[in-house]
Amino acid sequence: MDAQQLTYLFVFLSFSLYIGIAIWSRAGSTKEFYVAGGGVHPIANGMATAADWMSAASFISMAGIIAFMGYDGAVYLMGWTGGYVILALLLAPYLRKFGEFTVPDFIGSRYYSTAARVVAVICLILISFTYVAGQMRGVGIVFSQFLNIPIFWGVIVGMAVVFMYAVLGGMKGITYTQVAQYCVLIFAYLVPAIFISMLITGIPIPQIGLGAEVADGSGLSVLQKLDNTLVELGFAPYTEGMKSKVDVFAITMALMIGTAGLPHVIVRFFTVPKVSDARKSAGYALLFIALLYTTAPAVGAFARLNFVDTVHNTQYTEVAGWFKSWEDIGLIGWQDKNNDGRIQYHPGAAFDGKPSFDDTRRIDGSRTVINSPTASSNEVYVDRDIMVLANPEIARLPAWVIALVAAGSLAAALSTAAGLLLVISTSISHDLLKQTMAKGLSDRQELFYARVAAVTAILIAGYLGIDPPGFVAQVVAFAFGLAAASLFPAILLGIFDRRMNKEGAISGMLVGLIFCFSYIVFFKFVAPDLNSADHWWFGISPEGIGSLGALLNFSVAFTVSRLTPDVPEDVLRLVDNIRIPKGVSDPKSH
Amino acid sequence: MDKQAYWKANIRLMLVLLAIWFTVSFGFGILLVEQLNEIAFFGFKFGFWWAQQGSIYVFIGLIFFYTYKMKKIDRQFGVSDDDEDDA
């Protein structure tokens, strides 16, 4: 069987597994639909959280981004793991003790206000839709590259599968499919990483291989060789950053508290039986996530090394097949500026923007790039997202490994998409309808509306995946920035500041939200040409602005709350109650 | 059961762990990275290792230690949520 047939087989088998689980774990009540009945084992919940969290971005893009950013890639590594420490120490146990279904539930009850609940719902929907569009796009890319299916049909298949388990199974279906998806995706990530680490250093553990000597007799370690090679080509050394210290600091902080404020992650901690399980579960989640996150920097470094080795100064006619197949779908572009028939790889963009091609081929078979060339001596455009997907081919691994990577990336994208779609539909059926607009809904009716909302959300997500507005890639910063600046401070203050009242929390959320929103929109859309360190406030890029937004939120909330009426007695009792693990209740049935 | 003492013990533990969290990531991985990079550590520059590997291992340790320690504190103050085994 060739790679494509194997990929079909692997994808078919994994999808059957997910659908089988969906049918087995069909939800019968809102409690099962929203929080899986509240009886998920902490280890299972840890795996589900890990799959929920690790999206197409973690699986497909992250190692590629690290490969090209070097040290600066640490903002993602630390930012997206350090958030779990905050989650475990500051949020998860208390939210579990609170024992309701959603994040807006907590904000609405703690701040005794429907307005606060609605603001939270708006934040949640903004954050989650931004995120989900990227997942569906990831599904489309995998289908088109590995199975030769147009992106449109790829997204349709993805939507159908998510429909099966998210709409039928709700949180219960999602939880157990995510456990299976975690196993698929971590296996698919580690196998090629281990192979490549063996090939380059002879050591099968990538985390150690990253620091080991390259097995080419040079006596240099992987990172030394990478530093030397890149400096020779005119790049900055791999182990030193390009970003300013203040920006690295701000981005890491924004990603950490943004992670802790993401509703689809938080809600996973509502599904375990006890407060102590919520703490434990966060530990397992991070352990499972770290398996991938500590492997990614090794994959990134190996990929960059392999890439330079195979591509730089190679005759186009001699270059490996993966280079040509990614060129065919436009994610690699080569412009032979000095007409020597060889590919030169140097810093800087090879030409303006993403490559566009005409229909002709040059004599050696390469595609003709029609963008206007830059002054740089670099001749190659390479999309960062292909590094993980192309890695097995670059390292000439067997066809089944390539098929495995395809199935793994689908697992990563689908598991995250399902988790996001669930929080979107829950916030609509539960927070907007049941708690705000139509209080008389029965459990059955609410469940029905939850399913309707899930279907609608899937359709919108699918549309965004097939026909992504140009700005989707640009607004990933939104999700984290908004979560960091709006939801996270409101939840944290709700637990740790007894005197925080609704006036403080609402004004804090609004100030944080509007500040971040305006800052990102200004630099990404209104004046993209000003988007550089000279114009940023305090040298903080739009990616890191969430940390400043959170600070603003905290100060505004604190000041306003001390100037406005006190918190009512029953809310004080609620705060005292969530601070104590004893007497945890099942999530309430409404 | 003394709720205030329980809460104080919880906050104290939390602050200590958060201080470690901050030191390994923002301290070793970002603020002090150049100084630490002078030190070699199993083929890594030490600061680079903290930023891309070490901090993550410490994070995991922190959460499990918190879980373990909190369980003890919960029991000590009689506010634990479990009545039987499940350690």
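Letters A, B, ... are given to chains in the order of the sequence lines, protein chains preceding strands, and every chain is numbered from 1. The structure displayed is predicted, hence computed values, not measured ones.
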ask   = Of the non-hydrogen atoms in A/Pro297 and B/Gln53, which two are nearest, and what is the gap between them?
value = CG-NE2, 3.4 Å
task = With a 4.5 Å cut-off on heavy-atom pairs, point out which of A/Ile208, A/Thr294, A/Leu223, A/Ile66 contacts chain B the most.
result = A/Thr294
ask   = Any idea which of A/Asp576, A/Leu286, A/Leu87, A/Val75 has the most non-hydrogen atom pairs under 4.5 angstrom with chain B?
value = A/Leu286
task = Pick one of side chain, backbone, both or neither for B/Leu31, based on which atoms fall under 4.5 Å of a heavy atom in chain A.
result = both
ask   = What about the rings of B/Trp21 and A/Tyr84, do their centers lie closer together than 6.0 Å?
value = no
key: Heavy-atom closest pair, residues B/Ile63 and A/Ala88   = CG2-CB, 3.6 Å
request  = Mind listing the closest non-hydrogen atom pair of B/Gln52 and A/Gly70 along with its distance?
outcome  = NE2-O, 3.1 Å
task = Please step through side chain to side chain contact (heavy atoms under 4.5 Å, CB included) for the pair B/Ile11 and A/Phe496, ending with a clear verdict.
result = CA-CA 10 Å; B/Ile11 299 280; A/Phe496 289 91; 3.9 Å; yes
query = Quick one: what part of A/Tyr76 sits under 4.5 Å from any heavy atom of chain B, side chain, backbone, both or neither?
reply = neither
request  = May I ask you to check whether over 12 heavy atoms, not counting those of A/Lys245, lie within 6.0 Å of atom NZ?
outcome  = yes
query = Is chain A contacted by the side chain of B/Tyr68, its backbone, both, or neither, given a heavy-atom distance below 4.5 Å?
reply = neither
ask   = Quick one: what part of A/Met253 sits under 4.5 Å from any heavy atom of chain B, side chain, backbone, both or neither?
value = both
inquiry  = Is B/Phe65 in contact with chain A via its backbone, its side chain, both, or neither, using a 4.5 Å heavy-atom distance?
reply    = neither
Using a 3.5 Å cut-off and no angle test, enumerate the donor-acceptor pairs between side-chain atoms of residues 39-51 of chain B and protein atoms at least two apart in sequence or in another chain.
residue: B/Lys45; atom: NZ; partner: A/Thr239; partner atom: OG1; Å: 2.8

inquiry  = Between B/Asn10 and A/Arg579, is there a side-chain heavy-atom distance shorter than 4.5 Å?
reply    = no
ask   = Would you say A/Lys280's side chain and B/Thr67's backbone share a donor-acceptor pair under 3.5 angstrom?
value = no
request  = Let me know if A/Glu240 has heavy atoms under 4.5 Å from chain B in its side chain, its backbone, both or neither.
outcome  = side chain
query = What's the shortest heavy-atom distance between B/Phe64 and A/Tyr284, and which atoms?
reply = CZ-N, 3.6 Å
key: Any side-chain heavy-atom pair of B/Ser25 and A/Met256 under 4.5 Å   = yes
request  = Kindly give the heavy-atom pair with the smallest separation between B/Met14 and A/Leu90, and that separation in Å.
outcome  = SD-CD2, 3.3 Å
request  = Determine the minimum heavy-atom distance between B/Val33 and A/Tyr71, stating which atoms define it.
outcome  = CG2-CE1, 3.7 Å
query = So which of A/Val248, A/Leu89, A/Val275, A/Ile86 has the largest heavy-atom pair count under 4.5 angstrom toward chain B?
reply = A/Leu89
key: Pick from A/Ala298, A/Gly241, A/Ala278, A/Ala74 with the largest number of heavy-atom pairs that fall under 4.5 Å of chain B   = A/Ala74
query = Side chain, backbone, both or neither: which part of B/Ser55 has an atom under 4.5 Å from a heavy atom of chain A?
reply = side chain
inquiry  = Between A/Arg279 and B/Asp74, does any side-chain N to carboxylate O distance fall below 4.0 Å?
reply    = yes
